[in-house]
Amino acid sequence: MMKQRSDNEKSVFKAAQGSVSWKSPANIAIVKYWGKYPVQLPMNPSLSFVLKNSVVKIRMDYDINPADHFTLAHFSINGNQNDAFKKRITAYLEGLTEHFPFLQHTRLRIESTSTFPHSAGIASSAAAFSALALCLCSIEAEIRSGKSVEFFRKASFMARLGSGSACRSVYDGMVVWGKTPYLPGSSDEYAVRLDDQSVHPDFFSLRDAILIVDSRQKKVSSSEGHALMHQHPYRSARKNQAENNLKRLLNAVKEGDFHTFGEIAENEALSLHSLMMSSDPGYTLMHPNSLRLIEKIRDFRRETNIPLYFTMDAGPNIHLLYPKEYSDRVVPLIRDELAERCEDREWIDDAMGRGPVNLGKEA
Ligand code: PMV
């Protein structure tokens, strides 16, 4: 457990004001995290990459006064005050005082803006909690006059406490969360980035086109889905499957083996949805159009030999994964054949991103 210098911290607080701002991306998992223990510790290791265009920007103004108590004075999303989310963020921040003792005496104002299309059915919580955690680490660095070497590790740890998968959004490139013998230094408490030697350069041009099949809020939340894994009849088989898929995926990513990468992505997506269907009670988040699209993607791959694969999150939307060099074949396929199965023909052109950006005091 990450222990911070907290004992004498209270006595050394000085009044301070300032403003920090970060832009942080969503991520999409190839090996899925499914099932958790308190507090937000994963049942199995996962691997994801961050997106380029699906980001949340957070500006945090802070006013530290040793005589004051913690207050979240303002919270808005895209200019609108949001009371439900403000409650969730207040509870999150109140739970972090052990790790950020300055928070006990801080008045915060938080403004959040998101590039996610309105209700596209894509979870923005990973982007939001990673941006929040990065802002808190920046405030800590400002009042201590120095960014610690563990800055991103701490941000990942803190983001995890808000939303598990958020811990994978504080880095660029490919990221692993969860302890596994196949990656030294991996941990259940925070995510680690795969170093440049572990990712073949071919993967830097990875595209992710998100086909919006249904943008409505899902019937069963991820939290409820994670909880159902505790009594799941396939629980131990799932842990083995994820371990084994991660081992093969790490090798494929290093070797530039896009076919194995894609096969694992599809296997994981369909396994995730199978686990939901075989939970007790079982449920489906797939839509008939998700299945029709999967068939079309597989037909196209068989007929053209183009490495076009898919993954899915806990929802009906389909993420199309392919190397950029095939964009001139894949984009027409989306327009001519796949978009008709999307809600209002909507799809989002995204790609592997470069990770979060510190916007300083300007944003
Ligand atoms: O971080 P959560 O609690 O929203 O769970 C996310 C779970 C999946 O998106 C389905 C898989 C993953 O690894 O991101």
Side-chain angles (χ1 to χ4, degrees), residues 24-51 54 56 85 88 92 116 120-133 156-171 174-180 186-192 194 208 210 213 217-230 232 238-239 241-243 245-246 249 264-279 283-286 290 310-319 321 350 352-353:
S24 199
N27 69 73
I28 177 76
I30 302 302
V31 172
K32 308 291 179 183
Y33 142 61
W34 200 236
K36 66 178 171 182
Y37 308 105
V39 179
Q40 237 92 264
L41 293 166
M43 197 185 84
N44 62 269
S46 55
L47 184 149
S48 65
F49 64 89
V50 287
L51 298 178
S54 306
V56 168
F85 217 63
R88 184 170 170 197
Y92 168 65
F116 289 69
I122 303 181
S124 58
S125 58
F129 278 104
S130 59
L132 281 169
S156 178
F157 179 100
M158 297 303 155
R160 187 200 97 225
L161 297 177
S163 166
S165 57
C167 74
R168 298 186 309 233
S169 275
V170 306
Y171 305 102
M174 303 263 183
V175 177
V176 170
W177 170 37
K179 193 154 181 52
T180 164
S186 56
S187 169
D188 284 347
E189 298 195 329
Y190 48 81
V192 293
L194 292 188
D208 178 3
I210 311 165
V213 172
Q217 194 169 8
K218 45 193 185 193
K219 293 167 283 192
V220 181
S221 71
S222 286
S223 296
E224 291 167 283
H226 286 298
L228 290 169
M229 285 308 292
H230 284 289
H232 202 289
R238 167 59 192 156
K239 281 164 92 163
Q241 179 196 35
E243 274 289 346
N245 275 344
L246 182 70
L249 184 61
I264 294 170
E266 294 192 354
N267 175 263
E268 280 284 317
L270 296 176
S271 298
L272 172 69
H273 282 265
S274 312
L275 289 165
M276 293 172 194
M277 292 182 211
S278 50
S279 292
Y283 61 103
T284 46
L285 295 184
M286 274 224 199
S290 315
F310 69 87
T311 187
M312 298 177 77
D313 237 328
N317 301 328
I318 303 278
H319 291 244
L321 305 170
D350 215 329
M352 178 146 105

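Every number for a ligand or one of its atoms is a count from 1 in the order of the listing. None of the values given here were measured: they were computed from a predicted structure.
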By chain and number, the residues contacting ligand 1 below 4.0 angstrom (heavy atoms only) are Ala29, Lys32, Tyr33, Trp34, Ser163, Gly164, Ser165, Arg168, Ser222, His226, Leu272, Asp313, Ala314

Contacts of His232 meeting ring-ring contact (aromatic ring centres under 6.0 Å, His included) (sequence neighbours excluded), chain-then-number -> Tyr234

Apply side-chain contact (heavy atoms from CB on, under 4.5 Å) to the pair Arg168 and Ser48, showing each step before the final yes or no. CA-CA 7 Å; Arg168 298 186 309 233; Ser48 65; 2.9 Å; yes

Output all residues satisfying side-chain contact (heavy atoms from CB on, under 4.5 Å) with Leu228, sequence neighbours left out; order by chain, then residue number. Ser279, Pro281, Tyr283

Under 3.5 Å: donor-acceptor pair, side chain of Thr311, backbone of Ile30: no

Listed pairs under 3.5 Å, donor-acceptor, residues 124-132 side chains, sequence neighbours left out:
| from | atom 1 | to | atom 2 | distance (Å) |
| --- | --- | --- | --- | --- |
| Ser130 | OG | Ser24 | OG | 2.6 |
| Ser130 | OG | Ala126 | O | 2.9 |
| Ser130 | OG | Ala127 | O | 3.0 |

Measure centre to centre between the rings of Tyr190 and Trp177, then say whether the value is under 6.0 Å. no

